There are 2 protein chains.
Amino acid sequence: MSTQERLIETTRELLWERGYVGTSPKAILQRAGVGQGSMYHHFTGKPDLALAAIRRTGEELRASVDRLLDSRESAYGRVEAYLLRERDVLRGCPVGRLTMDPEVLASDELRAPVDETIAYVRDRLATVVEEGVDRGEFAAHLVPDDVAAAIVATVQGGYVLARASGATDAFDAGVRGLLALLRRTDRA
Amino acid sequence: MSTQERLIETTRELLWERGYVGTSPKAILQRAGVGQGSMYHHFTGKPDLALAAIRRTGEELRASVDRLLDSRESAYGRVEAYLLRERDVLRGCPVGRLTMDPEVLASDELRAPVDETIAYVRDRLATVVEEGVDRGEFAAHLVPDDVAAAIVATVQGGYVLARASGATDAFDAGVRGLLALLRRTDRA
DNA sequence: GTCTATATGCCGATAGAC
DNA sequence: GTCTATCGGCATATAGAC
């Protein structure tokens, strides 16, 4: 792996673990086993390197959501697949967590890939929910865009509950609760 | 207001805006208009001051949830009151955001008030949902604890969606989606 | 391209005067 | 109780050798 690659991958790890404010160039360089000069050769500085890292993390997340939702299962099955997907719950979402970072939010450039990624996931889920409503899998009065927002929010918020308690239980409970709410009770 | 009070209140503001890692003693002192010495007279250091601030924020949040849920409305009405409560959505949750802070999570002492507060809210909501299920307001197959987790998660995650986009719409959409899911469709 | 040396300023804390 | 002075170390970046 090239030095540039090593820097991006290491930055992705540290952004996930400690956020933007909590990640110093020095920490990146030490973990990557690279000297100061290399970083400033390939990138203009910390924001530039972080931007490359965030963009890649967003791409990967979108690709993984595509894999989960591009199945021929029922709409419920695909929502379930998204919610029950294997996750390192206590690590949280590598994209969502950046929304709690003051410097990321203050920079339109750093925030853009975060925004695009989350909007993409919500949009893809909305399409699935719409199909589910059309097919009668979900209740007819549901607004796909709103339900999709609730699904993504349940996941993002589930991380908050789990991390607060130091255990994954609360995340799983929230997912179970949402799935129960999605199941129709007005027919067999 | 005493100097000690000023320090706590200012720290609460900054923790909300910038988190623990992003908040320096210097920034606190400048905003509070207090000298370095005062802080180290009243508190042993940054963690000690932050603990006092987090505890108070947790107390206030719990009290505000009590006010919202201690009504004689229907269960649905109380859940709705919690979800539609006035919020500065883009600021996010002053307690929940701390779960994204590596140093808060690394300290059992700092994490404790965060955990207790979120667990308290979830617990109170679970009681409301249980009443709703008993009264037939909510579908009988719902598990109160799970639905309560989904409700809290939707709020916490709603902040993530809103902050990512820089607008409150996504938060409101998630709340609408969850409320629609809570409404029974199997009876008039 | 990668390294080390160096620079300025902030971080978190301590010392000690008043 | 509150202040200023001072400390060692890290944050972020630049300079320039190789």
Side-chain angles (χ1 to χ4, degrees), chain A residues 1-56 97-98 100-111, chain B residues 1-56 97-98 100-111:
Chain A
M1 192 161 48
S2 71
T3 299
Q4 191 169 8
E5 277 303 302
R6 292 185 58 74
L7 285 168
I8 293 176
E9 289 303 314
T10 305
T11 302
R12 299 212 302 142
E13 286 176 25
L14 280 166
L15 285 180
W16 195 356
E17 290 171 23
R18 305 190 42 87
Y20 182 84
V21 169
T23 297
S24 70
K26 189 180 184 181
I28 296 168
L29 297 170
Q30 282 181 344
R31 190 181 286 197
V34 165
Q36 200 104 350
S38 296
M39 168 176 151
Y40 286 100
H41 172 74
H42 293 290
F43 303 95
T44 66
K46 176 179 167 178
D48 189 39
L49 172 53
L51 181 59
I54 294 172
R55 279 184 176 148
R56 180 169 303 175
R97 80 145 294 152
L98 297 172
M100 293 303 142
D101 214 296
E103 319 241 327
V104 172
L105 273 266
S107 156
D108 284 337
E109 237 190 330
L110 291 178
R111 188 171 56 77
Chain B
M1 194 158 50
S2 72
T3 298
Q4 190 170 7
E5 277 302 302
R6 291 184 59 75
L7 285 169
I8 293 177
E9 290 303 313
T10 304
T11 302
R12 298 213 301 143
E13 284 176 26
L14 280 167
L15 286 180
W16 196 354
E17 290 171 25
R18 304 189 44 85
Y20 183 85
V21 169
T23 297
S24 69
K26 187 181 184 181
I28 296 169
L29 298 171
Q30 281 180 343
R31 190 181 287 196
V34 166
Q36 200 106 347
S38 295
M39 169 178 149
Y40 286 100
H41 172 73
H42 293 290
F43 303 94
T44 66
K46 175 180 169 178
D48 189 40
L49 172 52
L51 181 58
I54 294 172
R55 280 185 175 147
R56 181 169 303 174
R97 81 145 295 152
L98 297 172
M100 294 302 142
D101 214 296
E103 319 243 327
V104 171
L105 272 270
S107 156
D108 284 338
E109 239 191 328
L110 290 178
R111 188 171 56 78

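Computed from a predicted model, the values in this text were never measured in an experiment.
Residues A/V21 and A/V104 fail the side-chain proximity criterion, which asks for heavy atoms closer than 4.5 Å.
Legend: residues meeting salt bridge (Lys or Arg N to Asp or Glu O under 4.0 Å) with A/E109, ordered by chain and number and at least two apart, are absent. Considering only residues two or more places apart in sequence or on other chains, A/Q36 meets the side chain to side chain donor-acceptor pair (under 3.5 Å) condition with none of them. B/R6 pairs by the salt bridge (Lys or Arg N to Asp or Glu O under 4.0 Å) definition with nothing, not counting sequence neighbours. Judged as a side-chain contact (heavy atoms from CB on, under 4.5 Å), and not counting sequence neighbours, the contacts of B/S38 are B/T3, B/V34. Looking at residues two or more places apart in sequence or on another chain, you find no side chain to side chain donor-acceptor pair (under 3.5 Å) involving B/Q4.
Atom CD in B/E103 sits roughly 13 Å away from atom P in C/dC11 (whole-Å rounding). Atom pair A/M39:CE and C/dT4:C1' shows a separation of 16 Å (rounding to whole Å applied).
Contacts between residues 40-55 of chain B and DNA chain D, counted as heavy-atom distances below 4.0 Å, involve B/H41, B/H42. Taken residue by residue, residues 4-26 of chain A places no heavy atom nearer than 4.0 Å to DNA chain C.
In terms of heavy-atom proximity, B/R97 sits nearest to B/L15 at CD-O, 3.4 Å.
Sequence neighbours left out, the pairs with a member in residues 25-34 of chain B that pass side chain to side chain donor-acceptor pair (under 3.5 Å) are B/E13-B/R31, B/E17-B/R31.
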Could I get a table of every N or O pair under 3.5 Å where one atom is in the protein and the other is in nucleotides 15-18 of chain C?
none

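In this structure, the side chain of B/R18 does not engage the main chain of A/P102 through any donor-acceptor pair within 3.5 Å.
Phosphate proximity of D/dG1 to B/T3: absent, as no side-chain N or O sits under 4.0 Å from OP1 or OP2.
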Anything under 3.5 Å between a donor and an acceptor, one on a side chain of residues 43-55 of chain B, the other on a protein residue two or more places apart or in another chain? List them.
residue	atom	partner	partner atom	Å
B/K46	NZ	B/Y20	O	3.0
B/K46	NZ	B/T23	O	2.8
B/D48	OD2	B/T44	N	3.0

